[in-house]
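Quick notes on the structure that follows.
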Amino acid sequence: TLVYAGMLDDVLVAYAAIDAKSLPATARVSDLVVMPELRQKGIGRTMLAAVESWAAQNNLDRVLLEIAMRNFPMVEMVKQSGYDLCGFMEQFFPNGDTALFYHKRLA
């Protein structure tokens with residue numbers, strides 16, 4: 001797992017965890033987290049752009065994210081960033097939440 005850290009004035013404000021080994025030619029973002037007080041300020045989009053750039057540089061074809069269905073702000077962010085819904089799975093997360101899967105083709 002690769003982790004990108006988002007720093008602001010030497011403070012960790014965001015991170016993205018990427019798995020590029022479990023699915024063919026895919027960078028799977030297992031976590032994309034921004035400090036609650038800094039959400040909806042473009043940090044998540046910046047982190048996602050960094051993941052996309054890393055994936056392209058490593059000759060991967062797509063980026064895949066799993067998002068809790070109730071996380072409406074993140075669903076809207078990935079849709080606005082060009083991601084398409086590609087599936088869902090009920091009771092995916094440890095708390096029983098349904099996951100929505102979004103992906104973006106890079107090539």
Side-chain angles (χ1 to χ4, degrees):
T1 301
L2 170 72
V3 177
Y4 263 97
M7 306 294 291
L8 184 61
D9 295 328
D10 294 327
V11 175
L12 178 67
V13 297
Y15 71 89
I18 308 159
D19 168 17
K21 300 202 183 290
S22 62
L23 295 170
T26 299
R28 181 179 150 259
V29 179
S30 58
D31 290 298
L32 178 58
V33 179
V34 176
M35 286 177 62
E37 58 270 24
L38 295 175
R39 291 180 182 162
Q40 298 186 0
K41 297 187 183 312
I43 295 170
R45 283 182 210 265
T46 300
M47 296 298 292
L48 203 49
V51 170
E52 292 170 12
S53 178
W54 177 86
Q57 290 170 6
N58 285 276
N59 300 314
L60 300 176
D61 295 334
R62 71 179 182 145
V63 175
L64 175 73
L65 295 109
E66 59 225 22
I67 305 169
M69 187 166 67
R70 61 189 173 101
N71 190 344
F72 182 75
M74 187 161 174
V75 168
E76 286 302 303
M77 179 194 73
V78 299
K79 286 170 36 179
Q80 291 170 6
S81 297
Y83 285 74
D84 296 312
L85 180 66
C86 62
F88 73 95
M89 186 178 292
E90 293 180 356
Q91 299 180 347
F92 178 81
F93 293 105
N95 66 358
D97 279 357
T98 297
L100 300 176
F101 295 91
Y102 282 86
H103 75 139
K104 183 178 189 179
R105 298 243 175 239
L106 302 175

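- Residue pairs satisfying the salt bridge (Lys or Arg N to Asp or Glu O under 4.0 Å) criterion with at least one member in residues 25-36, sequence neighbours excluded, are listed as follows: Asp19-Arg28, Arg28-Glu66.
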Under 3.5 Å, sequence neighbours excluded: what are the donor-acceptor pairs made by side chains of residues 35-44?
residue, atom, partner, partner atom, Å
Arg39, NE, Val34, O, 2.7
Arg39, NH2, Val34, O, 3.0

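- Side-chain contact check for Leu65 versus Leu48: some heavy-atom pair is nearer than 4.5 Å.
- Through direct or relayed side-chain contacts under 4.5 Å between Ile, Leu, Val, Met, Phe, Trp and Tyr, Tyr15 connects to Val3, Val33.
- Applying the side chain to side chain contact (heavy atoms under 4.5 Å, CB included) test to Ala25 and every residue at least two apart in sequence or in another chain returns Asp61.
- The side-chain heavy atoms of Met47 and Val29, taken from C-beta on, include no pair separated by under 4.5 Å.
- The shortest distance between side-chain heavy atoms of His103 and Thr26 does not fall below 4.5 Å.
- With sequence neighbours excluded, the residues forming a side chain to side chain contact (heavy atoms under 4.5 Å, CB included) with Ala5 are Met7, Leu12, listed by chain and number.
- Partners of Gln57 under the side chain to side chain contact (heavy atoms under 4.5 Å, CB included) rule, at least two apart in sequence or in another chain, are Ser53.
- For Phe92, the ring-ring contact (aromatic ring centres under 6.0 Å, His included) partners two or more places apart in sequence, or in a different chain, are Phe101.
- Glu90 meets the side chain to side chain contact (heavy atoms under 4.5 Å, CB included) test with Phe88, Thr98; sequence neighbours excluded.
- Among residues two or more places apart in sequence or in another chain, the side-chain hydrogen bond (donor to acceptor under 3.5 Å, both in side chains) test is passed with Lys21 by none.
- A salt bridge (Lys or Arg N to Asp or Glu O under 4.0 Å) check over residues 91-107, counting only residues at least two apart or in different chains, returns the pairs Glu52-Lys104, Arg70-Asp97.
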